[in-house]
Amino acid sequence: MSAAPSAVVTGAPDLPRQDEVLTGPALAFLGELHTAFAGRRAELLRHRAARRAEIARTATLDFLPETAAVREGDWRVAECPPALLDRRVEITGPTDRRMTVNALNSGARIWLADFEDASAPTWENVVLGQLNLMDAYARRIDFTAPGGKTYALRPDAELATVVTRPRGWHLDERHLTVGGEPVPGALVDFGLYFFHNARGLIEAGKGPYFYLPKTESHREARLWNDVFVLAQDRLGIARGTVRATVLIETITAAFEMDEILYELREHAAGLNAGRWDYLFSIVKNFRDAGPRYVLPDRNAVTMTAPFMRAYTELLVRTCHRRGAHAIGGMAAFIPSRRDPQVNKVALEKVRADKDREAADGFDGSWVAHPDLVAVARESFDAVLGERPHQKHRLREDVVVTAAQLLAVDSLAAAPTCAGLRNAVAVGIRYIEAWLRGSGAVAIFNLMEDAATAEISRSQIWQWINAGVVLEDGAVVTAELVRSLAAAELDAVRAESGDEAFAAGAWQRAHDLLLRVSLDEVYVDFLTLPAYELLD
């Protein structure tokens, strides 16, 4: 190891078995990652702000002229490792103990073990989530829940392959510092997982695989690539062992898919199409660019919308041209044990969505609940058969322009009263659960994560600032939103009772939603002020 200072645990509560995760060598490894890369990370965050200012000035985006040679070049990413060849169904979820067992047992080919949007970054979730993965690989995670239900892993050959998602570059981990500075959460999540598990995963015929969230440019992908190189070198692991799938969930990244794969080409596994964060990014970047960028209700923006279709088809074409996997979006529906009719309608929509993805050339897709694994698998089995993927489908018929990616006004739908009420209700309910430490939350039969709250509060902000007129003639104003938020608090109190309401974080959630929805200055990420309120 180098002479870089070790990371130091700062102001954190003691947790059971935390010393198994926060070992001296592991903290030294985090210290080296921080020393090598925190400065570049800060520079890239400044670059984000500068790019957003340019979008505010021009109200447009385009493919980068300086990287045209990369887009036009004849190159491919590294050959896919066997453990990632077949990704037809991926399940997502946080790394709590029960989810770890259920996801690994789910029958999905891949489990996205999430330290990001599906996990509120409490110290307990950060540290014990790592411990749960370590225990899973050592097959010591079997347990009995308080209600008496037993959770046990199936045989190794039947378990999903883990692809871990660290936090985005914008988030810090305040409980780990180097020289008094917080370590970037991305480096904490990546570093602890890689340090403790990489060698064991390689011995088991797999490897340290990652999903990279919130990427906004190829420069950020280059930073991740350099992190991978240093980490592999320090642990004596061959370069190219790490494999990364990048979520194309920002509008700026959609214009740099080739470049992102190119920067990571030694470590690239594929790209993923993330719906809610992508819409959130469009609103965030074009929030003051006029009526043509005003999004309708979030549930009205399906993946068949012309600008979403342009984005997903470009993703498939780009990936397959470069030999990478193209992974589709999330089916967030939670099957109901009580309402067969709700299930029937929702499952038909899920099936149609997965059928479309498979027909378009995607190599796999996401689900949020184990009961949806079979549904998604049927869609991809029908197209793939015994083949592990369909990278041979180059989709050379697809030609996507910058104007098509930005054609938000191609939708006939408009904001509605119901959409505004839903944004307020979901925003409050999600934030309340997040403040209590839960990042994956069942709300109105959907599994929601932080991206849901981000698009909800961003649309409220945009509709107010654009002076949107709803179908009943009401103008969306701060006063209207405040009245809806107050009504939602009353509804929650009536549902839960006074005692349960008082035990929750409802008032704080209400206040935070209004703050990030109504403040004149738009905060880039809801989770930044929310983290300050997290216990």
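Side-chain atoms are counted along with the backbone in the values below, which use heavy atoms only and exclude waters and symmetry mates.
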Enquirer: For F228 together with W224, are the ring centres under 6.0 Å from each other?
Expert: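 Aromatic pair counts; centres sit under 6.0 Å.
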
Enquirer: Is there any salt bridge (charged side-chain N to carboxylate O under 4.0 Å, His left out) pair reaching into residues 175-189, and which pairs are they, with sequence neighbours excluded?
Expert: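 Passing the test, one end in residues 175-189: R167-D189.
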
Enquirer: Looking only at side-chain N and O atoms, does S365 offer a donor or acceptor that is under 3.5 Å from a partner on E357?
Expert: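 Short answer, yes.
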
Enquirer: Could you check whether Y193 and F210 have their ring centres less than 6.0 Å apart?
Expert: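 Ring centres of Y193 and F210 closer than 6.0 Å.
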
Enquirer: Check for me whether K214 meets the cation-pi criterion with F525, that is, NZ or CZ under 6.0 Å from the six-membered ring centre and within 45 degrees of the ring axis.
Expert: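 K214 over F525 ring: no.
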
Enquirer: CD of Q18: more than 12 outside heavy atoms within 6.0 angstrom?
Expert: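 More than 12 within 6.0 Å, yes.
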
Enquirer: Could you give the distance from CD (E454) to CG (D117), rounded to the nearest 0.5 Å?
Expert: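 Those atoms lie 7.5 Å apart.
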
Enquirer: Taking the six-membered ring for Trp, are the ring centroids of Y211 and W366 within less than 6.0 Å of each other?
Expert: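 Yes, they do, as the ring centres are separated by less than 6.0 Å.
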
Enquirer: Using modelled atom types only, decide if a donor and an acceptor are shared between the side chain of W123 and the backbone of P13 within a distance under 3.5 Å.
Expert: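 It does hold such a pair.
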
Enquirer: Show, in sequence, the C-alpha distance, side-chain angles and deciding distance for V301 and F307, and conclude whether the side chain to side chain contact (heavy atoms under 4.5 Å, CB included) test is met.
Expert: CA-CA 10 Å; V301 187; F307 70 100; 3.7 Å; yes

Enquirer: Using modelled atom types only, decide if a donor and an acceptor are shared between the side chain of N465 and the backbone of W461 within a distance under 3.5 Å.
Expert: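 Side chain of N465 to backbone of W461: a pair is present.
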
Enquirer: Using a distance-only test with no angle check, is there a side-chain donor-acceptor pair under 3.5 angstrom linking Y522 and S458?
Expert: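 Yes, S458 and Y522 have a side-chain donor paired with an acceptor closer than 3.5 Å.
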
Enquirer: If you look only at pairs with a residue in residues 498-519, which of them pass as a salt bridge (charged side-chain N to carboxylate O under 4.0 Å, His left out), with sequence neighbours excluded?
Expert: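 Every pair satisfying salt bridge (charged side-chain N to carboxylate O under 4.0 Å, His left out) with a residue in residues 498-519: R493-D498.
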
Enquirer: Can you tell which of R429, R482, R421 makes a salt bridge (Lys or Arg N to Asp or Glu O under 4.0 Å) with E488?
Expert: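 With E488 as partner, salt bridge (Lys or Arg N to Asp or Glu O under 4.0 Å) holds for just one option, R429.
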
Enquirer: Regarding N285 and S281, is there a side-chain donor-to-acceptor distance under 3.5 Å anywhere?
Expert: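 Present: a donor and an acceptor within the cut-off.
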
Enquirer: Ignoring hydrogens and geometry beyond distance, is a side-chain donor-acceptor pair present between T302 and T304 at under 3.5 Å?
Expert: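 Distance-only check passes for T302 and T304.
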
Enquirer: Whether R287 engages the ring of Y293 as a cation-pi pair (distance to the six-membered ring centre under 6.0 angstrom, angle to the ring normal within 45°) should be assessed.
Expert: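 No, R287 does not sit over the ring of Y293.
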
Enquirer: Count the heavy atoms belonging to other residues, nucleotides or ligands that lie under 6.0 Å from CZ of R356, then report whether that count exceeds 12.
Expert: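 For R356, atom CZ is crowded (more than 12 foreign heavy atoms under 6.0 Å).
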
Enquirer: Can a donor-acceptor pair be found between the side chains of D297 and T416 at a distance below 3.5 Å?
Expert: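 Yes.
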
Enquirer: Quick check: does any side chain N or O of Q130 sit under 3.5 Å from a backbone N or O of V127, one acting as donor and the other as acceptor?
Expert: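 Answer holds: no.
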
Enquirer: Has the side chain of T527 got a donor or acceptor atom that lies under 3.5 Å from a matching backbone atom of A530?
Expert: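 Here the side-chain-to-backbone pair does not exist.
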
Enquirer: May I ask you to decide if M303's main-chain N or O and Y311's side chain share a donor-acceptor pair within less than 3.5 Å?
Expert: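 No: the side chain of Y311 does not pair with the backbone of M303.
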
